Amino acid sequence: MKLDHFRLERYFAEYEFSAPFLLCSSDCESLALGELLALEPEARERFESLWLGYTESAGDPELRQAVTGLYEHIAAGQVLVHAGAEEAIFTFMNACLQPGDAVIVHSPCYQSLTEVARGIGAEVREWRGDPLQNWALDLQDLKSLLTGNTKLVVVNFPHNPTGWLPDAGFVRKLSALSERRGFLIFSDEVYRGLEHDPADRLPAFADINERAVSLGVMSKTYGLAGLRIGWLASRNRRLLEACAAFKDYTTICSSAPSEFLAALGLRHAETIAARNLKIIHDNLKLLDRFFAAHAGLFDWQRPRAGSIAFPRLQRGTVEAFCADLVEQAGVLLLPGTLYEPGSKAFRIGFGRRNLPEALARLEEYLQRQPDRL
Ligand SMILES: Cc1ncc(COP(=O)(O)O)c(C=O)c1O
């Protein structure tokens with residue numbers, strides 16, 4: 001399989017650990033090990049006596065049980081643990097697709113959702129959100145993309161990079177269409193739980209559609225990216241078995257300490273998500289104010305979910321803007337051209353505690369060089 005470079009990861013490889021102010025991170029503020037262990041009285045002792053042998057390849061039973069708490073109709077045996085969402089995407093696509101299969105992918109998108117399918121030799125078509133409608137998808141567009149042999153539709157709600165979130169009616173219509181037309185749904189739900197109004201939480205696809213697969217992870221909503229724990233949840237037994245068989249050639253099983261800590265985190269999922277949503281709400285107030293003050297420079301559409309948004313630069317090129325900003329002010333934004341050529345948008349992240357400081361640097365930069373843009 002030949003894969004193109006993961007543009008966003010190559011960009012992060014250059015800047016993530018050198019730029020002083022990351023203003024485009026997609027994850028929420030992380031926790032220190034001690035904070036996580038403090039969530040339960042026995043946790044530290046249990047962690048220290050953890051056996052460091054191989055774990056079950058489908059995932060530690062305690063972790064799979066904790067994952068079921070995020071779903072309505074998923075049992076522990078319907079969860080397959082992976083090393084992050086990234087590995088789960090890779091195993092799913094490899095287990096599900098053959099060269100020549102027709103696949104439709106919600107776009108713009110996190111690159112592996114399309115690139116791995118392309119690398120396998122699938123024919124990938126894009127189901128594009130409309131930038132003029134806050135990046136909404138239109139089911140009519142999907143109907144016109146579907147062919148007799150469409151095998152898979154890939155969606156990502158809440159959406160990276162735009163933060164778009166449909167309503168539950170849209171999700172149910174999409175699920176009904178999949179049943180009528182016979183395509184599978186791969187639903188990337190890594191930002192689920194970060195709805196800015198909890199009433200907007202969508203049902204997980206694995207709960208409402210027996211053949212669909214939901215993707216979850218510890219990195220975003222729970223701020224525990226360093227654990228590298230993600231999972232597939234599905235009632236589609238055959239598909240999950242095929243993914244498990246493929247995973248024997250990637251990691252076999254996940255890291256025992258990470259599985260222990262992920263299970264601990266998930267038993268306190270609501271507490272951790274609430275902490276991160278508080279950071280998001282505080283940061284969004286600052287962003288609303290910032291973008292209102294610079295309405296002649298940027299187009300800002302406040303998302304309804306997640307920890308990232310995709311504002312548009314009204315003039316100049318976004319690549320030059322981001323490059324100059326990181327060089328002059330040490331603030332990292334992510335040019336939208338890493339998602340699609342010609343983009344005028346940039347990704348901004350607001351799940352981290354240092355956003356006020358990073359935003360102040362951006363403000364200072366704009367004040368210093370009003371003519372640069
Ligand atoms: C939409 C989406 N899916 C999957 C992933 C991969 O998650 P992880 O890096 O935790 O494996 C990301 C990470 O940015 C993402 O934004």
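Here, residue 1 is the first one in the sequence, and each next residue gets the next number. Just so you know, ligand 1 is whichever comes first in the structure, and atom 1 is the first atom listed for that ligand. Because the structure is predicted, anything quoted here is derived from the model rather than measured.
- Evaluation of the ring-ring contact (aromatic ring centres under 6.0 Å, His included) test over residues 25-81, restricted to residues two or more places apart or in two chains, returns F47-F260.
- Near ligand 1, residues S26, G84, A85, E86, I89, Y110, N156, N160, D188, V190, Y191, V217, S219, K220, R228 come within 4.0 angstrom through at least one heavy atom.
- W300 pairs with exactly one of F346, F291, F310 by the ring-ring contact (aromatic ring centres under 6.0 Å, His included) rule, that one being F291.
- Within the 4.5 Å cutoff, no side-chain heavy atoms of Q133 are placed close to those of D138.
- Using a 4.5 Å heavy-atom cutoff, the side chains of L224 and L261 are not in contact.
- Evaluation of the salt bridge (Lys or Arg N to Asp or Glu O under 4.0 Å) rule for R7 yields no partner, not counting sequence neighbours.
- With sequence neighbours excluded, the residues that form a side chain to side chain contact (heavy atoms under 4.5 Å, CB included) with T271 are H268.
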